[in-house]
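The structure under discussion appears below in the form of structure tokens.
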Amino acid sequence: MTGPNAIPPKASTMTLETVSASKCFGGTQYVYAHEARTTRCRMQFSAYVPPQAADGPVPVLTWLSGLTCTEENFTVKAAVQRHAAEHGLLVVAPDTSPRGEAVPDDEAWDLGTGAGFYVNATQDPWAGHYRMYDYVVEDLPDVVVANLPADMSRRGLFGHSMGGHGTLVVALRNPDHYKSVSVLAPICAPTETGLGEKVFGAYLGPDRETWRAYDATELVKDGHTCAPVLIDQGDEDEFFKMGAMKIDAFQAACAAAGQPVTLRMQQGYDHGYFFVQTFMADHVAYHAGILNG
């Protein structure tokens with residue numbers, strides 16, 4: 001890529017600024033900041049380093065959060081640290097979008113800051129900074145392996161809502177990177193929803209064919225596969241009831257393609273972090289069973 005939005009060459013070293021560090025369940029919960037090559041701004045992410053890392057590199061489990069979130073929401077609300085310490089997993093949670101005075105934003109809650117949607121934007125004014133797909137796939141793993149006790153040969157990926165969408169897309173497009181995949185209340189076919197049309201139209205432009213690269217259902221239809229997918233979905237989720245998740249479309253595409261997927265409908269649960277926290281132990285154990293196996 002050339003021109004004003006070209007991504008600079010990869011840096012030879014990637015240094016981290018420690019924003020905070022807190023002892024937790026025998027390990028340490030960190031928040032780090034760094035200058036990101038892909039998003040061209042200062043990015044923050046959290047990393048829980050379990051006590052087992054004192055003896056050497058441990059598996060890495062990356063979480064992708066949903067709309068309006070930063071790295072903080074998952075870190076303080078999901079209660080992941082106890083489970084990560086039990087299973088010896090390093091858990092990383094990036095922000096959901098670029099931020100800063102030079103970064104474009106929008107007044108709406110579902111576009112701009114907090115709504116990066118894990119795509120590489122191609123349209124102005126977003127293209128210069130909103131490259132969250134590349135950030136998750138390239139920048140974040142590079143900075144983690146360069147600075148933390150991470151065994152990158154044993155990686156898992158999970159996420160919630162918009163982050164569930166990001167998890168499925170990243171895993172399907174990079175099947176060799178992630179040995180385990182799970183999602184909670186994921187947006188599975190954004191091109192079939194009003195939200196997806198708004199966001200993809202803004203970030204990617206009017207050509208709907210370009211949207212397919214960021215739609216998990218369309219990716220499966222096009223032959224992409226990944227590790228077996230575990231899905232938890234609450235039946236009282238307001239967005240699920242509105243038809244925004246499109247899990248049935250994803251299931252149908254997976255069945256036709258032979259992509260393993262397990263859907264667990266959870267009675268009485270909504271879309272929020274009480275739902276996420278309730279099933280966090282299950283998801284961490286699911287990943288640990290694969291990554292530690």
Side-chain angles (χ1 to χ4, degrees), residues 61-71 73-74 77-78 80 91-97 110 114-119 132-133 135-137 155-175 177-178 180-193 195-196 199-200 211 213-220 224 226-254 259-266 269-280 282-284 286-287:
L61 183 55
T62 299
W63 169 270
L64 302 184
S65 292
L67 280 162
T68 75
C69 290
T70 69
E71 77 288 341
N73 299 73
F74 171 75
K77 292 182 178 180
V80 71
V91 180
V92 175
D95 199 349
T96 54
S97 70
D110 54 3
F117 247 85
Y118 305 101
V119 305
M132 287 303 296
Y133 175 85
Y135 179 75
V136 169
V137 174
R155 280 193 278 173
L157 191 64
F158 66 154
H160 171 235
S161 192
M162 178 185 74
H165 142 77
T167 293
L168 294 175
V169 167
V170 169
L172 287 165
R173 290 178 58 174
N174 302 275
H177 290 191
Y178 305 99
S180 56
V181 180
S182 75
V183 287
L184 297 99
I187 301 172
C188 293
T191 60
E192 297 182 21
T193 68
L195 174 60
V199 171
F200 286 1
W211 301 4
Y214 300 104
D215 184 306
T217 300
E218 297 303 318
L219 286 170
V220 172
H224 292 266
C226 65
V229 178
L230 171 64
I231 303 176
D232 272 318
Q233 174 63 60
D235 66 358
E236 289 298 321
D237 180 335
E238 60 272 32
F239 299 106
F240 176 74
K241 289 182 173 181
M242 290 167 50
M245 317 319 287
K246 302 292 183 184
I247 294 176
D248 54 345
F250 181 67
Q251 279 188 295
C254 288
Q259 165 64 44
V261 58
T262 299
L263 171 63
R264 306 191 308 186
M265 292 300 302
Q266 304 295 354
Y269 286 92
D270 62 19
H271 194 74
Y273 260 92
F274 290 120
F275 159 65
V276 171
Q277 184 178 138
T278 298
F279 299 101
M280 186 53 53
D282 287 358
H283 281 253
V284 174
Y286 173 77
H287 288 274

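Side chains included, hydrogens not; waters and symmetry mates left out as well; all remaining heavy atoms used. Position 1 is the first residue of the sequence; numbering continues from there.
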Using side-chain heavy atoms (C-beta onward) and a distance below 4.5 Å, is [X] in contact with [Y]?
X      : Y      : value
Phe158 : Tyr286 : no
His177 : Val137 : yes
Cys226 : Gln259 : yes

Review point. Under the side chain to side chain contact (heavy atoms under 4.5 Å, CB included) criterion, do His271 and His160 qualify, and how do the steps go?
Key: CA-CA 9 Å; His271 194 74; His160 171 235; 3.9 Å; yes
Exercise for review: Go through the steps for Phe117 and Met162 under the test side chain to side chain contact (heavy atoms under 4.5 Å, CB included), then give the verdict.
Suggested key: CA-CA 6 Å; Phe117 247 85; Met162 178 185 74; 3.4 Å; yes
For [X] against [Y], the heavy-atom pair lying closest together:
X      : Y      : value
Ala115 : Leu67  : CB-CD2, 3.4 Å
His287 : Ser180 : ND1-OG, 2.7 Å
Trp63  : Pro94  : O-CD, 3.0 Å
Thr193 : Ala189 : CG2-O, 3.8 Å
Ala249 : Thr217 : O-CG2, 3.6 Å
His165 : Pro190 : ND1-CG, 4.0 Å

How long is the gap from [atom1] on [X] to [atom2] on [Y], to the nearest 0.5 Å?
X      : Y      : atom1 : atom2 : result
Tyr273 : Ser161 : OH    : OG    : 9.0 Å
Ile231 : Leu263 : CD1   : CG    : 5.5 Å
Gln233 : Tyr269 : CD    : OH    : 13.5 Å
Lys246 : Asp248 : NZ    : CG    : 7.0 Å
Glu192 : Ile187 : CD    : CD1   : 12.5 Å
Tyr178 : Thr167 : OH    : OG1   : 9.0 Å

Point to revise | Working for side chain to side chain contact (heavy atoms under 4.5 Å, CB included), residues Phe200 and Tyr214 | key: CA-CA 9 Å; Phe200 286 1; Tyr214 300 104; 3.9 Å; yes
Practice item. Under the side chain to side chain donor-acceptor pair (under 3.5 Å) rule, what do Asn73 and Ser65 come out as? Steps first, then yes or no, please. Key: CA-CA 8 Å; Asn73 299 73; Ser65 292; over 6 Å; no
Practice item. Please check if the side chain of Gln251 supplies one atom and the backbone of Thr262 the other of a donor-acceptor pair under 3.5 Å. Key: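 It does not hold such a pair.
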**Study point:** Under 3.5 Å: donor-acceptor pair, side chain of Gln277, backbone of Lys77
**Key:**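 It does hold such a pair.
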**Study point:** Residue among Leu168, Val169, Leu219, Asn174 satisfying side-chain contact (heavy atoms from CB on, under 4.5 Å) with His224
**Key:**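 Exactly one option meets the side-chain contact (heavy atoms from CB on, under 4.5 Å) with His224, and it is Leu219.
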**Study point:** With Asp270, the side-chain contact (heavy atoms from CB on, under 4.5 Å) member among Phe240, Phe239, Phe275
**Key:**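 Considering Phe240, Phe239, Phe275, a side-chain contact (heavy atoms from CB on, under 4.5 Å) with Asp270 is found only for Phe275.
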Review point. By side-chain contact (heavy atoms from CB on, under 4.5 Å), which residues pair with Val136, not counting sequence neighbours?
Key: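 Val136: side-chain contact (heavy atoms from CB on, under 4.5 Å) contacts with Leu64, Tyr118, Val170.
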Check your understanding: With sequence neighbours excluded, what pairs up with Ala213 under the side-chain contact (heavy atoms from CB on, under 4.5 Å) test?
Key ->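 By the side-chain contact (heavy atoms from CB on, under 4.5 Å) rule, Ala213 matches Arg173.
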Review point. Salt bridge (Lys or Arg N to Asp or Glu O under 4.0 Å): which pairs involve residues 227-240, sequence neighbours left out?
Key: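 Listed by first then second residue: Asp232-Arg264, Glu236-Lys241.
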